[in-house]
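Below you'll find the structure, written out as structure tokens, and then a few comments.
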Amino acid sequence: EKFQEEYHGVTFVPEYIEPFLVKRETSAELIVLTDVLEHVIDPRALLRLMIAALKPGMVAYITAPNGASYWQARPVKPDEIDWHDANVTRQHLWMLSPEFMIKLIAEAGEILEYSRSAETYIRRDSDYSTFLVRRHAHLSD
């Protein structure tokens, strides 16, 4: 409701992204994912669905925090989880480096631009990477 009041002409869909991308009736001209990929079980699959949901030649805008800008990650057993640390990461399932993101995104589409995001300066809780990605015109659904 907050965003619908502020952004006229934009349609917000309050549902999980994967089913939304799969059941779509029309292709999108723009998809924006900010702080999403680090929270999903399979970022690679989501990126492929997202790129396939775009009209050929259209773009996606993606931001994700640089996992290396947090503290040193370490594996722990489930019964030894430090919930304070888990909450600091906002329940991230993945800690994504810009190098990994470049490889992951390039599998799904063409990276038009990569830069350090404005979110880095606004939020100040991580170093954010921003990607503008285009669907290849020859990609089939």
Side-chain angles (χ1 to χ4, degrees), residues 1-78 80-141:
E1 290 175 1
K2 172 189 170 194
F3 290 109
Q4 287 176 338
E5 291 173 9
E6 293 180 25
Y7 299 101
H8 301 287
V10 176
T11 302
F12 291 93
V13 181
E15 64 180 271
Y16 290 107
I17 192 167
E18 293 91 344
F20 172 75
L21 292 172
V22 170
K23 73 174 188 175
R24 71 189 191 283
E25 294 177 18
T26 61
S27 296
E29 294 182 7
L30 172 67
I31 296 176
V32 178
L33 290 182
T34 58
D35 293 326
V36 173
L37 291 176
E38 67 274 14
H39 296 282
V40 299
I41 292 172
D42 190 347
R44 179 175 279 119
L46 177 58
L47 282 169
R48 288 183 179 148
L49 285 172
M50 181 193 67
I51 296 299
L54 288 168
K55 289 181 181 177
M58 295 293 101
V59 297
Y61 177 87
I62 303 166
T63 64
N66 175 354
S69 67
Y70 288 97
W71 68 96
Q72 184 67 30
R74 64 195 188 315
V76 295
K77 296 176 184 173
E80 297 174 355
I81 292 175
D82 182 329
W83 288 108
H84 173 74
D85 283 353
N87 287 326
V88 168
T89 66
R90 287 151 191 86
Q91 305 303 323
H92 293 175
L93 299 176
W94 301 96
M95 301 301 277
L96 306 166
S97 70
E99 297 79 17
F100 180 75
M101 289 288 296
I102 288 169
K103 290 178 185 175
L104 190 67
I105 293 170
E107 291 176 9
E110 175 187 2
I111 297 174
L112 299 177
E113 185 173 328
Y114 158 66
S115 65
R116 191 171 180 198
S117 171
E119 283 196 55
T120 298
Y121 306 105
I122 295 168
R123 294 176 54 166
R124 300 176 187 259
D125 63 350
S126 177
D127 183 30
Y128 288 81
S129 301
T130 299
F131 299 87
L132 188 61
V133 182
R134 178 173 48 204
R135 176 183 167 157
H136 297 296
H138 65 278
L139 185 66
S140 62
D141 289 334

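Quantities reported herein were computed from a predicted structural model and do not represent experimental measurements. Residue numbers run from 1 in the order of the sequence given.
In terms of heavy-atom proximity, Arg135 sits nearest to Ala52 at NH1-O, 2.8 Å. Taking each heavy atom of Ala64 and Met101 in turn, the nearest pair found is CB-CE, 3.9 Å. For the pair Lys55 and Ser27, the tightest heavy-atom approach, listed with the atom from each and the gap, is CG-CB, 3.3 Å. Nearest heavy atom pair, residue Val40 against residue Trp94, reads O-NE1, 2.9 Å. Across all their heavy atoms, Ala106 and Ile111 have their closest contact at N-CD1, 4.2 Å.
Of the options Leu21, Leu49, Val59, a side-chain contact (heavy atoms from CB on, under 4.5 Å) to Ile31 is made by Leu21 and by none of the others.
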Practice task
I would like to know whether Leu47 and Glu107 meet side-chain contact (heavy atoms from CB on, under 4.5 Å); could you show each step before the answer?
Solution key: CA-CA 9 Å; Leu47 282 169; Glu107 291 176 9; over 6 Å; no
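Distance check: Thr63 OG1 to Phe131 CZ gives 10.0 Å after rounding to the nearest 0.5 Å. Distance CD1/Ile51 to CD1/Ile62: 6.0 Å, rounded to 0.5 Å. Atom CD1 of Ile105 sits about 8.5 Å away from atom OG of Ser129, to the nearest 0.5 Å.
Between Asp35 and Tyr128, some side-chain heavy-atom pair lies under the 4.5 Å cut-off. Within the 4.5 Å cutoff, no side-chain heavy atoms of Leu54 are placed close to those of Val133.
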